[in-house]
Structure formats: structure tokens, C-alpha cells
> 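This structure is in C-alpha cells; I'll ask about it shortly.
We use all heavy atoms of the structure for the numbers below, so side chains are in, but hydrogens, waters and symmetry mates are not.
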Amino acid sequence: MTIVKNNPEVKKEFIQVFRRIYSEIKDKIESRLDEFKQIWEKGSEEEIFTELAFCILTPQSKAVSCWSAAKSLAEKNILIKGNKHKISKVLLGRVRFHNQKAERIIEARKLFSIRDNMIIKSKMSQFKDVFAARDWIAENVKGLGYKEASHFLRNIGSGENIVILDRHILKNLKLLGIIEKIPGSISKKMYFKIEDEMRKF
């Protein structure tokens, strides 16, 4: 895939559409972004980890079902204390690959715990910036690539300078001529290149 120059006419047309839609829902967007920041500033260790678990669940599954499952795990005190069998049982029928994702939640829990105490907030605070945090997450949390790592960071209030390149975003980037075609898969290098072009746009 190559990055192509924007078609001025197409770009102008879609910018007008985006501006109109944005003006209509600006207050909702800003309110939601503020909610994300509040999760980080006032949320507990478990609430932050629930957001991470949600992002582990989302690949190839519906977001609404994944959030319902993540909340159920937290409310039943299974997310932090439950074993693979208990987690998998809650995920069954809600998300795809429930056994694999149950295992990944447990692996992530070990990564962010010391002697059964959750330390995800302090762990995430040690990085110099959101890019370093994202690199570490993508490299160390099984099941999370750059898209899901960006999703998690956005959900805890650190999404200003990073992009969640899901199929909806990619579709619109193609319509705008920012990318030539929607790739079947995205390497780290390609992710950064598309992200940089979107940031410029």
C-alpha cells in the first residue's frame, strides 16, 4: 500500500461533511473524551484493568458484547481473582475465542500485578510518553496490536496524539485519498505511516 496525495475536490467535500457532523455532536464527543480522562484520574486499578480486558476481548467480536462481558467479570470479582475456567465461562457466547481470551486476560493480569496487587496505573505512569506506552503494550500484552493498544490508551484518556486504525477509519481515509487502498493487514511501520498522514490531515 502506498500513501497518495489527497484529491482536493474529494477532500473538500468530505471535510465539509465532517465539519457538519462534528458541529452537531461536538458536545457529546467532548463529554465522552472527558469521561475517558476521568477514568484515569479517578478510576481504580480494577477500573483501568477492566478497560484493558475490554480491549483484549474486542478483536473479531462486537464491542457492546465485549464491554458487557468485561463489566460482568469485574462485578463478579472474577476479573482480578478468577481463574481461566471462571473467566472463560463468563465470556462464553459473548465473545469469540473465549478460552484464548480468558488466558490472555490472566497473562495480562500477571503482567500488571505484584503479589496479587494490581499496579496497572503505576506501570502505565512510568513511560515517557503515550508512544512509548503503546510500544510496550503492543510488545508485551498478548492479543493487543497497535490498534488495540491505541484503543486502550484512548479509553484511559491518552488518545490525543494516537490513532485507532480500525476498518471504519481506514474506509474514510481511503475516501479522502489519504491511503490508496484498505490493507488486509498492517505492519508496525505501515501503522505509523498511516497514523502520521492522518495526523497531518
> When you look at CZ of Arg199, are more than 12 heavy atoms from neighbouring residues, nucleotides or ligands closer to it than 6.0 Å?
yes

> Considering non-hydrogen atoms only, spot the tightest contact between Ser88 and Asn99 and give its length.
OG-OD1, 2.5 Å

> Report the C-alpha distance between Ile182 and Leu173 in whole Å, list the side-chain angles of each, state the deciding distance to 0.1 Å, and finish with yes or no for side chain to side chain contact (heavy atoms under 4.5 Å, CB included).
CA-CA 9 Å; Ile182 299 174; Leu173 292 179; over 6 Å; no

> Linking I/L/V/M/F/W/Y whenever any side-chain heavy atoms sit under 4.5 Å apart, do Ile137 and Val163 land together?
no

> Angle class for the Phe192/Tyr146 ring planes (parallel below 30°, perpendicular above 60°, tilted otherwise)?
perpendicular

> Working note: Met124 + Phe112, criterion side chain to side chain contact (heavy atoms under 4.5 Å, CB included); need CA distance, chi angles, decisive distance, verdict.
CA-CA 9 Å; Met124 296 311 304; Phe112 291 104; 4.0 Å; yes

> Can you tell me how far OG of Ser125 sits from CD1 of Ile119, rounded to the nearest 0.5 angstrom?
10.5 Å

> Just wondering, do Ile169 and Met198 contact through their side chains at under 4.5 Å, heavy atoms?
yes

> What are the two closest heavy atoms between Val90 and Ser72, and how far apart are they?
CG1-CB, 3.9 Å

> Check the pair Phe49 / Ile105 against side chain to side chain contact (heavy atoms under 4.5 Å, CB included), numbers first and verdict last.
CA-CA 9 Å; Phe49 189 74; Ile105 286 174; 4.2 Å; yes

> Going by heavy atoms in the side chains, are Phe97 and Arg104 under 4.5 Å from each other?
no

> Hey, is the main chain of Glu103 close enough, under 3.5 Å, to the side chain of Lys142 for a donor-acceptor pair?
no

> Rounded to the nearest 0.5 Å, what separation is found between the CG atom of Leu52 and the CD1 atom of Ile48?
10.0 Å

> Just verifying a value: how many Å separate Ile179 CD1 and Ile194 CD1, rounded to the nearest 0.5 Å?
5.0 Å

> About how many Å separate CD of Glu30 and CD1 of Ile25, when rounded to the nearest 0.5 Å?
11.0 Å

> Could you walk me through whether Phe54 and Leu73 pass side chain to side chain contact (heavy atoms under 4.5 Å, CB included), step by step?
CA-CA 10 Å; Phe54 165 66; Leu73 289 171; over 6 Å; no

> Got a second to check how far Asn155's CG is from Glu35's CD, nearest 0.5 Å?
11.0 Å

> Using modelled atom types and a 3.5 Å cut-off, is there a donor and acceptor pairing between side-chain atoms of Glu148 and backbone atoms of Gly145?
yes

> For Arg96, does its backbone N or O pair with a side-chain atom of Ser61 as donor and acceptor, under 3.5 Å?
yes

> Can you list everything that forms a side chain to side chain contact (heavy atoms under 4.5 Å, CB included) with Lys200? Sequence neighbours excluded, please.
Asp196, Glu197

> Determine whether Lys62 and Arg94 make a side-chain contact, defined as any pair of heavy atoms from C-beta on separated by less than 4.5 Å.
no

> Please tell me whether Ile29 and Ile164 are part of a single hydrophobic cluster in this structure, the criterion being side-chain heavy atoms less than 4.5 Å apart.
no

> Taking all non-hydrogen atoms of both residues, which atom of Ile186 and which atom of Pro183 are closest, and how far apart?
CG1-CG, 3.6 Å

> Answer with yes or no whether the hydrophobic clustering places Val64 together with Leu57; edges join I, L, V, M, F, W, Y residues whose side-chain heavy atoms lie under 4.5 Å apart.
no

> If you compare all heavy atoms of Asp166 against all heavy atoms of Lys147, which two are closest, and at what distance to 0.1 Å?
CA-CD, 3.7 Å

> Please round to the nearest 0.5 Å and tell me the distance separating atom CD of Glu195 and atom CZ of Arg134.
4.0 Å

> If you take the centroid of each ring, where Trp contributes its six-membered ring, are Trp136 and Phe152 closer together than 6.0 Å?
no

> State, yes or no, whether a side-chain contact exists between Lys110 and Ile106 at a heavy-atom distance under 4.5 Å.
yes

> Less than 4.5 Å apart, side chain to side chain, heavy atoms only: is that true for Leu153 and Phe131?
no

> Under 4.5 Å between side-chain heavy atoms, hopping through other hydrophobics if needed: is there a path connecting Leu165 to Val141?
no

> I want to check something: taking the side chain as every heavy atom from C-beta on, are Ile87 and Lys84 in contact at a cut-off of under 4.5 Å?
no

> Determine the minimum heavy-atom distance between Ser23 and Arg20, stating which atoms define it.
OG-O, 2.7 Å

> For Ile120, does its backbone N or O pair with a side-chain atom of Glu45 as donor and acceptor, under 3.5 Å?
yes

> Check Ser185 against Met190 and note the closest heavy-atom contact, atom names and distance.
O-SD, 4.0 Å

> For residues Leu144 and Ile56, determine if any side-chain heavy atom of one lies less than 4.5 Å from a side-chain heavy atom of the other.
yes

> Does one hydrophobic cluster hold both Trp67 and Leu33, with members joined at side-chain heavy-atom distances below 4.5 Å?
no

> Does anything in residues 111-128 pair up under salt bridge (charged side-chain N to carboxylate O under 4.0 Å, His left out), and if so which pairs, sequence neighbours excluded?
none

